[in-house]
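Just below is one structure, and these are the notes that go with it.
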Amino acid sequence: MAKIKSALTDNMMECYECGSPYAECHHVFFGSFQKKACTRYKLYLPLCAEHHKGNKGPHQDYEKNLEYRQMAQKYFEENIGSREEFMAEFGRNYL
């Protein structure tokens, strides 16, 4: 994976869940509008194929998706802006 910086982890070279070196960049909030905001704030995680789009990943597992979104919102509120600003960017509150 290219040298991508993430606000949520220091290691973008290995899967956040299992440590596999075959990681893809997962935008915590997906969809074209939210993906742009993720890029702006560096809200991504490295995930292997199984943990990205497989049954264990946020595209299939609601609980995992919510966990990542809550992590991103906490980061945003602690480092970037208010809850209201987060909701204006991402459409809702996940906490």
Side-chain angles (χ1 to χ4, degrees):
M1 182 183 307
K3 287 278 187 177
I4 297 172
K5 299 276 185 182
S6 170
L8 305 176
T9 182
D10 291 332
N11 183 1
M12 285 296 290
M13 300 304 291
E14 297 175 349
C15 177
Y16 181 77
E17 294 292 338
C18 69
S20 169
Y22 304 104
E24 305 169 352
C25 181
H26 168 65
H27 290 74
V28 175
F29 301 96
F30 30 93
S32 61
F33 172 73
Q34 291 183 336
K35 195 171 182 178
K36 289 177 185 177
C38 272
T39 300
R40 187 175 324 116
Y41 300 114
K42 299 179 175 28
L43 300 176
Y44 359 82
L45 290 169
L47 298 172
C48 68
E50 179 180 356
H51 286 107
H52 190 201
K53 295 184 179 166
N55 291 337
K56 297 179 180 180
H59 293 278
Q60 302 296 327
D61 182 338
Y62 173 81
E63 293 299 322
K64 188 54 68 177
N65 187 29
L66 181 60
E67 175 187 330
Y68 293 160
R69 288 177 178 208
Q70 288 174 334
M71 178 192 320
Q73 182 174 348
K74 286 177 188 174
Y75 174 84
F76 186 98
E77 290 180 10
E78 290 172 3
N79 299 282
I80 298 169
S82 68
R83 181 160 296 176
E84 291 73 24
E85 291 169 310
F86 176 86
M87 291 171 63
E89 283 283 2
F90 297 102
R92 65 173 281 212
N93 176 21
Y94 293 94
L95 298 177

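Along the sequence shown, residues carry numbers from 1. Since this is a predicted model, take the numbers as computed values, not measurements.
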Give, for atom [atom1] of [X] and atom [atom2] of [Y], the distance between the pair rounded to the nearest 0.5 Å.
X   : Y   : atom1 : atom2 : answer
H52 : S20 : NE2   : OG    : 13.5 Å
S6  : K42 : OG    : NZ    : 9.5 Å
M71 : T9  : CE    : OG1   : 8.5 Å

Should I80 and E85 be marked as a side-chain contact (heavy atoms from CB on, under 4.5 Å) after you check the CA-CA gap, both sets of side-chain angles, and the distance that decides it? CA-CA 9 Å; I80 298 169; E85 291 169 310; over 6 Å; no
Can you list the steps and then say if H59 with H26 is a ring pair (Phe, Tyr, Trp, His ring centres under 6.0 Å)? CA-CA 10 Å; H59 293 278; H26 168 65; 5.2 Å; yes
Taking only Lys NZ, Arg NE, NH1 and NH2, and the carboxylate oxygens of Asp or Glu, determine whether E89 and R40 approach each other closer than 4.0 Å.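 So E89 pairs with R40 through a salt bridge.
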Show, in sequence, the C-alpha distance, side-chain angles and deciding distance for Y75 and F86, and conclude whether the ring pair (Phe, Tyr, Trp, His ring centres under 6.0 Å) test is met. CA-CA 10 Å; Y75 174 84; F86 176 86; over 10 Å; no
So L45 and E17, side-chain contact (heavy atoms from CB on, under 4.5 Å) or not? Walk me through it. CA-CA 10 Å; L45 290 169; E17 294 292 338; over 6 Å; no
Name the orientation class of the two ring planes belonging to Y16 and Y68 (parallel below 30°, tilted from 30 to 60°, perpendicular beyond 60°).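 Perpendicular: the ring planes of Y16 and Y68 meet at over 60°.
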Applying a strict under-4.5 Å side-chain criterion to I, L, V, M, F, W and Y, I'd like to know whether F30 and Y41 cluster together.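 Different hydrophobic clusters.
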side-chain contact (heavy atoms from CB on, under 4.5 Å) evaluation trace for V28 with Q34: CA-CA 9 Å; V28 175; Q34 291 183 336; over 6 Å; no
For atom [atom1] of [X], is the number of surrounding heavy atoms from other residues, nucleotides or ligands below 6.0 Å larger than 12?
X   : atom1 : result
Y22 : OH    : no
N79 : CG    : yes
F76 : CZ    : yes

When every non-hydrogen atom of L47 is compared with those of C15, the smallest separation belongs to CA-SG, 3.8 Å
Student check: side-chain heavy atoms of P46 and C25 closer than 4.5 Å: no
Taking the side chain as every heavy atom from C-beta outward, state whether Y44 and H27 have any pair of such atoms under 4.5 Å apart.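 Side chain of Y44 against side chain of H27, heavy atoms only: contact under 4.5 Å found.
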Honestly, is R69 close enough over Y62, meaning NZ or CZ under 6.0 Å from the six-membered ring centre and within 45° of the axis?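 No - R69 does not lie over the ring of Y62 by the 6.0 Å and 45° rule.
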